[in-house]
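Presented below is the structure to which this report refers.
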Amino acid sequence: MLLAFAGLVWAFAPHTVDDAWITFRYARQWASGNGPYFNPGEHVEGYSNFLLVLLLTPVVRFAGADAALPAAKVIGLASALLAIVGAGLLARRAAAGARWAGIAGIAAAALVACSTGFAYHATSGLETSLYACLLVWGVHGLASRADGSVMLGGLSLAAAALARPEAPLACALACGVAIAARALATRTPLPREYSSAAPGPSWRSLGVASLLVVAAVLGQLAFRRMLYDGAWLPNTFYAKAGGSGDRVGYIHDALRASFAGDIGLLLALAGWLFTGAPSRASLGPLVVGVIGGLLPLVTGGDWMPAGRLVVPYLPLLAVAVAIGWARGLARARKGGTGLLSVVLLASAPLGLAFQWGDRVRLADGAAIETAGARSGHGALATWLRSQAAPGDAIVLMDIGEVGYRCIEQRIVDITGLTDRTIGRSPGTFMDKQFDLGYVWAQEPRFIVLTLFGRDAPGAPLHPFSPMEERLALDRTFQRSFVHAERDTLGSEADRLRAALGADALFPYATPDRRYVLAAYRRRDGHP
């Protein structure tokens with residue numbers, strides 16, 4: 001099963017999302033002695049994965065800057081494999097005493113292993129599978145009857161609480177469910193099929209586990225307050241306020257793809273609703289998985305495919321779905337496990353077949369983006385390193401790889417992720433209504449605009465975001481950065497560069513449209 005998952009990951013392994021490089025730059029700056037800051041001296045928490053920054057900082061310090069990317073991918077893949085194992089063991093533990101516990105465990109692990117979204121994000125360079133792993137093992141520990149396992153679960157949840165900004169809520173919820181289940185253990189009898197289960201862990205172990213989570217949350221809050229000018233929340237919260245897109249569709253697409261479509265989700269729901277009281281150990285994965293998976297209704301989705309904000313909760317949801325299916329089938333067969341075993345074991349490969357079209361599209365898209373990153377952001381970063389002096393300010397939207405490669409330059413992030421003034425300006429992510437005078441006050445030496453249009457000769461190009469459009473139309477930009485060159489000779493790329501008045505163009509190939517990064521240098525003698 002794990003080998004099969006590794007095979008699914010292989011198609012996505014070369015792909016790295018640009019946001020991951022933001023994390024790498026924070027780790028690189030910290031490792032260099034500049035503190036956990038994107039730009040030295042600018043105390044802004046522009047990452048959303050403190051734990052990964054913490055893990056990568058010593059890697060960069062002792063193995064060098066080039067070690068950040070492979071280390072992040074290894075962490076992601078190892079975490080994903082452990083999460084699959086954790087889902088299987090948690091499902092067995094949640095169904096302890098039931099004759100179908102072992103089959104449910106295999107089914108839960110297989111559902112995660114066959115999930116295209118889970119495979120896609122395993123090696124993206126972000127914290128997605130690390131958070132998923134810590135969360136599932138934390139809930140697994142709290143579902144144990146042994147005090148030592150419960151405290152280890154609390155330690156795992158304490159680490160998970162540092163992995164994502166919303167993680168403290170999920171971890172507190174896991175502890176709350178465990179405490180509530182323990183309180184009910186002495187007041188209500190267990191369902192007959194779970195009669196072999198013991199009442200639960202001691203109150204002391206649950207208290208220690210909960211205190212570990214509280215200590216981690218308070219510790220990070222104190223760290224943030226001290227190092228980021230007294231901020232209570234990361235700057236990414238303000239920059240991304242409002243989310244984006246269809247929130248219901250975002251969640252629905254992520255769930256139906258992993259759990260055999262709407263029919264699979266409805267059957268799992270029926271198995272929970274119409275087959276009697278569940279075991280107390282199954283409440284943790286159910287409650288934390290469902291509420292965590294629904295959080296984008298409040299926080300909004302993001303631009304990344306395959307439901308990245310839902311993916312960390314897929315192992316817990318796989319446990320809930322596998323148990324729901326098993327409960328329903330066991331009731332329908334009056335406790336028989338023959339057909340139940342066949343159906344549950346067949347569900348994962350059938351689900352993989354159901355997702356195959358999505359997998360092919362994601363793999364194709366990942367390959368295109370990987371090639372585009374080399375010709376686009378990678379080539380742009382190389383050019384800027386050769387042209388910019390240490391300390392030069394570079395204004396752009398996609399700050400990840402350029403920021404990491406151009407470590408000696410100051411990066412002005414017009415999306416506001418790493419800039420407090422822009423991040424807290426009115427408007428939604430990618431459309432912050434900040435005063436352009438703030439940008440000019442940074443005295444940028446280079447400005448990079450993302451331009452796109454139809455892939456046809458002579459088709460016009462347009463700024464990708466409203467912020468870039470305002471920059472492109474601003475009189476200061478037109479006067480100080482746009483060249484008056486109108487070259488009608490040379491290659492098509494040279495003619496396009498001249499028509500745009502840019503110093504250099506870097507194509508980011510995408511099907512059916514043209515997507516380029518246009519780099520502009522401030523002309524000497526202009527402010």
Side-chain angles (χ1 to χ4, degrees), residues 1 4-5 8-9 11-12 80 83-84 87-88 91 104 106-122 124 128-129 131-132 135-136 170 243-274 285-329 343-366:
M1 188 184 303
F5 177 75
L8 290 178
V9 170
F12 307 121
I84 292 169
I106 295 173
L111 283 171
V112 183
C114 292
S115 169
T116 298
F118 200 72
Y120 180 85
H121 290 290
S124 69
T128 309
S129 56
Y131 176 40
L135 194 58
V136 74
S244 59
D246 177 4
R247 303 182 184 199
V248 174
Y250 180 88
I251 297 170
H252 178 249
D253 290 345
L255 295 182
R256 68 184 296 274
S258 296
F259 302 124
D262 293 336
I263 293 177
L265 292 171
L266 290 173
L267 288 175
L269 181 62
W272 281 96
L273 293 178
F274 304 117
L286 175 67
V287 174
V288 180
V290 170
I291 293 180
L294 294 177
L295 276 178
L297 289 175
V298 178
T299 62
D302 67 359
W303 60 269
M304 298 180 201
R308 180 181 74 99
L309 299 181
V310 177
V311 164
Y313 305 97
L314 286 184
L316 295 177
L317 289 167
V319 173
V321 167
I323 290 178
W325 287 347
R327 284 163 56 90
L329 287 167
V343 172
L344 286 183
L345 292 178
S347 62
L350 288 174
L352 180 59
F354 178 84
Q355 300 174 67
W356 197 255
D358 289 339
R359 180 183 179 276
V360 171
R361 285 190 292 273
L362 278 174
D364 291 344

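This is a predicted model, so every value here is computed, not measured.
The heavy-atom pair separating Ala318 from Val112 by the smallest distance is CB-CG2, 3.5 Å. Nearest heavy atoms, Pro315 versus Pro312: CD-O, 3.6 Å. Of all non-hydrogen atoms in Val290 and Leu317, the two that sit nearest each other are N-CD2, 3.7 Å. In terms of heavy-atom proximity, Ala170 sits nearest to Tyr131 at CB-OH, 3.5 Å. The heavy-atom pair separating Ala107 from Ala322 by the smallest distance is CB-CB, 4.1 Å. The two residues Ala108 and Ala87 make their nearest non-hydrogen contact at CB-O, 3.9 Å.
Although no hydrogens or angles enter the test, the distance criterion places a donor-acceptor pair under 3.5 Å between the side chain of Arg247 and the main chain of Val298. Using a distance-only test at 3.5 Å, with no hydrogens or angles considered, no donor-acceptor pair links the side chain of Trp272 to the main chain of Val321. The main-chain N or O of Leu309 is found under 3.5 Å from a side-chain atom of Tyr250 such that the two form a donor-acceptor pair. Between the His121 side chain and the Gly307 main chain, no donor and acceptor come within less than 3.5 Å of each other. With Arg256 contributing its side chain and Gly261 its backbone, the two residues share no donor-acceptor pair below 3.5 Å.
The aromatic ring centroids of Phe118 and Phe12 lie 6.0 Å or more from each other.
For the side chain to side chain contact (heavy atoms under 4.5 Å, CB included) test with Ile291, the passing option among Val287, Val288, Leu294 is Val287; the others fail.
The existence of a salt bridge linking Asp358 and Arg361 is confirmed by a sub-4.0 Å separation between a basic side-chain nitrogen and an acidic carboxylate oxygen.
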Exercise. Please walk me through it: do His252 and Asp246 pass side-chain hydrogen bond (donor to acceptor under 3.5 Å, both in side chains)?
Worked result: CA-CA 10 Å; His252 178 249; Asp246 177 4; over 6 Å; no
Problem set entry | side chain to side chain contact (heavy atoms under 4.5 Å, CB included) between Leu8 and Thr116, intermediate numbers included | CA-CA 8 Å; Leu8 290 178; Thr116 298; 5.9 Å; no
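Between the CZ atom of Arg327 and the CG atom of Leu267 there is a distance of 14.0 Å, given to the nearest 0.5 Å. The OG atom of Ser115 sits 10.0 Å away from atom CG of Leu255, with the distance rounded to the nearest 0.5 Å.
Residues Leu269 and Leu265 fail the side-chain proximity criterion, which asks for heavy atoms closer than 4.5 Å. Between Leu295 and Val310 the shortest side-chain heavy-atom distance does not fall below 4.5 Å. Proximity of Leu111 to Ser258: side-chain heavy atoms (C-beta onward) are nowhere separated by under 4.5 Å. For the pair Val319/Leu316, no side-chain contact is recorded, criterion being any heavy-atom separation below 4.5 Å from C-beta on. Between Val9 and Tyr120, every side-chain heavy-atom pair lies at or beyond the 4.5 Å cut-off.
In this structure Arg359 satisfies the salt bridge (charged side-chain N to carboxylate O under 4.0 Å, His left out) test with no other residue, sequence neighbours excluded.
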